[in-house]
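Below is one structure, written out as structure tokens, with a few remarks after it.
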Amino acid sequence: MAFLQLHALSKRYGAVDAVVATDLAVEKGEFVSLLGPSGCGKTTTLQMIAGFVDVSGGQILLDGRDITHAKPASRGLGVVFQSYALFPHMSVRDNVAFGLKMRKVPTAEIASKVKTVLELVRLAPHADRYPRELSGGQRQRVALARALVIEPPVLLLDEPLSNLDANLREEMQFEIRRIQCAVGITTLMVTHDQAEALSISDRVVVMQAGRVTQIDAPYKLYEHPRTRFISDFVGKANLLPGDYDQLGTPQVRHESGDGELTLSLRPEKIQLVDAGTGRLQGKVLDSYFFGSQWLYRIHTSLGEITVVRSNDGSAPLGCGAAVGLDWQASLLRVLAADEVRA
Amino acid sequence: MSRGYLLSLPALVLFVGLLILPLGLTLVLSFNVFDYQVGVKADEWTFAHYLSLFSDAYFYEIFWRTFWISALVTLLCVVIGVPEAYILSRMGTPWRSIFLILILTPLLISVVVRAFGWSLLLGADGLVNQVIQFLGGRPVKLLYTPFAVIIALVHVMLPFMIIPVWTSLQKLDPSAEQAALSLGASQTTVMRRIVLPQVMPGVLSGTLIVFGLAASSFAIPGLLGGRRLKMVATVVYDQYLSELNWPMGATIAVVLLLVNLLIMLSWNRMVEGRYKKSLGV
């Protein structure tokens, strides 16, 4: 049996269904992300697991124990909040020690545990500072340390990186993953940022309008998105009309009109070739430079197509340049219609 | 530079004309000689009023009574106002505004009107005594007791406690309370260790305002304390208008101001000193 299990977990606010019959099984030591647009119910799910929101229906099992209606204090989970929720009137040391004091851990043991965890998050020199004297990233580390020091069975992260600027966010991503691996703690993270979810999770749970629409490893999720919504939300995708050919393989339909299939083609799977060759002809509309890669928007008879080409040192294409587009047919993905409206 | 001074001139004129000047005149007056036959002798100076103030047990009693009543009123305002502000800050959208207005509306009614309202309720034949008699009890003397003064002062001062506390509660991160709960704290521990320390600046301003206003309050002790139960402000009034001894009245007023200032400054230092480091005030 999985370590943390949700059985048909639901939450209703009046007539609004925030979370609908959600099932999830998280294995011990696993890092799972709940990914979805705002209002999809991912934070509500996390809050139900933490015990801050009452459950309308279903069950939460932690290591076989039913904690559906347990008080937050008795669940003993580590929670890191979006706002960090540090205690502003306590020093870093006191913030981290708070959970241990509540557990009536002996003073000497508190001191050594706080010291160890502050070293883990690389904040040992700042133990006597107050939260207002720390940078955003440092506050984030204090929040992590405070949640980890009580050695919780599960660590819950609610949008932990959304208040940080881009550079710091990437750094903290690595940091969170490093700490999670070092401690080996089962972790559930809520995020609306697909890149964040893909980069550090073992598995990603995509939520949409209160329902789970796909659960997969990041690579699988990216390569085999089940629906149109997921292929659009996770990474960039070109959506093309298509049909099955005589052999039953999906093909892009070149005539006008909707095909019977919706096909997804990732921008980096398309090669730019000389005009006149390839499967499709087009003209460069505009280009964007990201350092390691170029992003082109290309006007074709199938509409606008986005192509990503890695920066291999060759000269970039200018606006208006005629190009051919080519791809391997096996990289086309057939998408199911969206069963839920976001 | 001159432009800055010019712009602050209206405020400066107001401040000097309405505060510094009258206070200065009161201070000067308190050193003037008083004669029951001729009144104030503007060009003769004496310390006699201060000497008689400090040597008369009657004044000590009045000052002590003013102090303990104000301190008790302040304490009651903290005990009632802080939870009230907390509940207010946790209310939903329509109710919060409605209750905030309810708390503020008493400020729109004159203190005199409210004091008369209390005297109607607490009088010998007032509503409270009627209820007591109806229930078979004997009428109790409520009006013209410290009880009447304290209950009316708490009623009047409560908004001055609730508003600053409410303001500092607004700055609280609600998820900090959730964090404490998730770390194993009970609801009472959250209040004591997380919420209260963070609203201390608000409680401090509230206590300063309430104590200052209560110690110098005039209408309520005047109307609900009656002729016997005097507080400093009512004694000042008596000296000016009954005894016509203006210099003595001025002396008591100056001493009240100084004592009030001393108490409030030391209280401020004491509380702020304790929370300075942790709250960064």
Side-chain angles (χ1 to χ4, degrees), chain A residues 43 46-47 49-53 67 70-105 128-133 139 142-152 154-159 163, chain B residues 78 82 85-86 89-96 164-207 268-281:
Chain A
T43 297
L46 190 92
Q47 296 234 310
I49 298 169
F52 302 139
V53 167
I67 58 161
K71 286 202 156 128
S74 67
R75 298 185 189 207
L77 305 180
V79 189
V80 173
F81 294 84
Q82 186 171 4
S83 63
Y84 315 139
L86 300 179
F87 309 134
H89 57 296
M90 295 183 194
S91 66
V92 168
R93 190 193 307 281
D94 289 339
N95 262 282
V96 175
F98 187 83
L100 297 173
K101 281 183 189 152
M102 292 300 113
R103 281 166 173 68
K104 308 226 167 7
V105 174
D128 291 314
R129 295 219 184 156
Y130 282 86
R132 64 175 176 280
E133 298 165 333
R139 286 180 204 178
V142 177
L144 258 175
R146 189 179 64 177
L148 285 171
V149 77
I150 60 171
E151 291 163 26
V154 176
L155 182 64
L156 302 172
L157 308 171
D158 184 9
E159 301 268 6
N163 282 341
Chain B
V78 171
V82 173
Y86 183 75
S89 73
R90 284 297 121 95
M91 277 181 169
T93 20
W95 296 110
R96 180 162 50 196
V165 174
W166 189 63
T167 314
S168 41
L169 275 168
Q170 294 297 93
K171 293 182 209 145
L172 243 65
D173 180 358
S175 50
E177 287 170 60
Q178 291 189 334
L181 286 175
S182 77
L183 290 168
S186 66
Q187 199 65 55
T188 37
T189 311
V190 171
M191 280 304 285
R192 201 167 47 83
R193 307 262 317 247
I194 307 299
V195 177
L196 257 183
Q198 289 189 71
V199 298
M200 272 320 280
V203 177
L204 176 64
S205 344
T207 51
N268 189 40
R269 265 186 93 111
M270 203 175 93
V271 178
E272 215 179 64
R274 234 187 106 186
Y275 288 91
K276 191 168 195 121
K277 178 119 182 72
S278 58
L279 289 169
V281 280

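Protein chains get the first letters and strands the later ones, always in sequence-line order, with residue 1 at the start of each.
Within the 4.5 Å cutoff, no side-chain heavy atoms of A:V79 are placed close to those of B:Q178. For the pair B:I194 and A:F98, the minimum side-chain heavy-atom distance is below 4.5 Å. Taking the side chain as every heavy atom from C-beta outward, B:Q187 and A:K71 never approach each other to under 4.5 Å. You'll find the side chain of B:S182 reaches within 4.5 Å of the side chain of A:F52, heavy atoms only. A 4.5 Å side-chain heavy-atom check between A:H89 and B:M200 finds every atom pair outside the cut-off.
Crowding of B:R269 atom CZ: a count of heavy atoms from other residues, nucleotides or ligands under 6.0 Å not exceeding 12.
When the candidates B:P174, B:A185, B:S186 are compared by the number of heavy-atom contacts under 4.5 Å with chain A, B:A185 comes out ahead.
A:L100 does not touch chain B: none of its heavy atoms, backbone or side chain, sits under 4.5 Å away. With a 4.5 angstrom heavy-atom cutoff, A:L77 touches chain B only via backbone atoms. No part of A:R75 comes within reach of chain B, as not one of its non-hydrogen atoms sits under 4.5 angstrom from that chain. With a 4.5 Å cut-off on non-hydrogen atoms, A:Q82 does not touch chain B at all.
Judged purely by atom type and a 3.5 angstrom limit, A:R146 has no side-chain atom pairing as donor or acceptor with the backbone of B:L183.
Nearest heavy-atom pair across B:Q198 and A:P88 is OE1-CG, 2.9 Å. Listed here is the closest heavy atom pair of A:A85 and B:A179: O-CB, 3.9 Å.
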Item to complete: Apply side-chain contact (heavy atoms from CB on, under 4.5 Å) to the pair B:D173 and A:F87, showing each step before the final yes or no.
Response: CA-CA 9 Å; B:D173 180 358; A:F87 309 134; over 6 Å; no
